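Counting convention: from 1, in listed order, for ligands and their atoms alike. All of these numbers come straight from a predicted model, not from anything done at the bench.
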Amino acid sequence: MASPEPSVNFNLLHRTCKLVVVLCFLHISVTVFFYVRSLDIRFAFVQNQQSRDANDTATGKATATGTIGSTGAAQPPPEAQAGGQAKDEPAAAAAGKSLKKCPETSPLLVGPLRVEFNVPVSLDDVRKANPQVGPGGRYKPKDCQALQKVAVVIPFRKRDEHLKFWLYYLHPILQRQQLDYAVYVINQDGEETFNRAKLLNVGYAEAMKDYDFDCLVFSDVDLIPMDDRNVYKCFSQPRHLSVSMDKFGFRLPYKQYFGGVSSMMKDQYLSINGFPNNYWGWGGEDDDIYNRLASKGMSISRPSGEVGKCRMIRHERDKQNDPNPQRFDRIAHTRETMSKDGIKSLSYKLVAKETLALYTKITVDIGKP
Ligand code: BGC
């Protein structure tokens with residue numbers, strides 16, 4: 001009698017082979033999935049860091065303006081300090097002809113951007129990725145005359161990790177936006193209660209000593225735009241730029257909200273006597289600024305919710321920045337107080353001004369409540 005064994009073995013072998021084929025298929029699928037994903041991430045990186053080719057075509061060949069000393073402080077060439085072009089001026093400028101104006105909409109913009117904070121960045125990498133940014137965080141397009149001279153002012157204290165992300169994302173964006181810009185980080189000295197609006201006033205005062213800026217952009221250090229069509233410039237009305245923050249579910253928390261990132265022409269800022277100096281601690285100062293603008297009959301301009309998307313770097317509440325209990329009372333009296341409290345009555349002590357490779361750091365003693 002024939003034994004049934006060979007058929008059993010054959011069945012087993014058949015099933016094992018099938019399993020092996022399925023496992024191989026799964027393995028290949030997973031490999032392909034992760035490979036495609038890594039391509040996507042690399043593409044996003046290139047997009048965020050701007051295409052060197054596109055940039056070189058649009059702004060001339062990359063040049064390093066200034067050298068970095070052992071302390072990390074840059075030694076600017078005199079032309080760069082004055083906001084001028086360094087060595088490789090374009091032919092038109094060198095020949096004494098004036099450059100034609102940059103277009104209303106920069107052709108270098110790429111639209112939506114991937115913004116992530118899970119991999120830390122180093123200042124060295126940011127510097128290498130932005131060779132055309134000069135000492136003090138200054139840049140202007142080389143092939144056309146920027147439409148606006150913009151000082152970007154960031155109130156700051158002990159947020160170095162956030163600042164690195166900000167510089168990493170914003171320098172490429174601001175260059176693609178074809179702005180003549182400089183970055184000012186206003187660092188509150190000491191351990192007293194934080195005062196965001198007063199630091200912004202200091203930023204205005206110090207930036208104007210350096211260059212005839214016609215537009216001021218005021219940005220929190222932890223807010224990154226997710227679309228480079230959200231141009232960090234000024235408009236005929238004061239502009240609110242951070243209109244759809246992830247923190248608020250990508251919508252405005254309330255119609256009058258003016259916090260996060262905003263911009264104003266110099267004359268708009270001066271017509272409201274700048275910002276209040278007496279909001280110590282968290283909250284209210286942006287509402288006061290809104291009240292100032294409204295009292296002067298200005299309205300707020302905003303990008304669309306899509307273009308105005310931005311991400312906030314999550315963090316614990318800072319020490320010495322508890323909610324200001326006086327804010328409700330202050331906001332209720334903006335119209336009476338704004339002419340007395342503002343840029344005209346600003347006083348502070350300049351502790352240090354450092355022209356660093358990617359930004360100008362101004363350390364100030366702004367007193368206490
Ligand atoms: C505060 C603002 C703050 C807003 C959103 C308001 O209650 O007064 O300063 O920007 O909430 O957090």
Does a side-chain N-to-carboxylate-O contact under 4.0 Å join [X] and [Y]?
X: Asp318; Y: Arg159; answer: yes
X: Arg196; Y: Asp220; answer: yes
X: Asp246; Y: Arg311; answer: yes

Can a donor-acceptor pair be found between the side chains of [X] and [Y] at a distance below 3.5 Å?
X: Asp288; Y: Thr334; answer: yes
X: Asn130; Y: Tyr139; answer: no
X: Asn201; Y: Tyr269; answer: yes
X: Tyr359; Y: His171; answer: no

* In terms of residue, atom name and distance, what is the protein heavy atom nearest to atom 8 (O) of ligand 1? ->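 For this ligand atom, the closest protein heavy atom is Asp287 OD2, 2.5 Å.
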For [X], take its heavy atoms, then give the atoms of ligand 1 lying under 4.0 Å from any of them.
X: Gly283; value: 9 (O)
X: Asp286; value: 2 (C), 3 (C), 9 (O), 10 (O)
X: Phe248; value: 5 (C), 12 (O)

[X] N/O to ligand 1 N/O under 3.5 Å:
X: Lys247; result: no
X: Trp282; result: no
X: Gly284; result: yes

* Between the candidates Tyr290, Phe258, Tyr254, which shows the shortest non-hydrogen contact distance to atom 6 (C) of ligand 1? ->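 Answer by nearest heavy atom: Tyr254.
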* Asked: Side chain, backbone, both or neither: which part of Tyr279 has a heavy atom under 4.0 Å from ligand 1?
  ->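 Looking at Tyr279 and ligand 1, no heavy atom falls under 4.0 Å.
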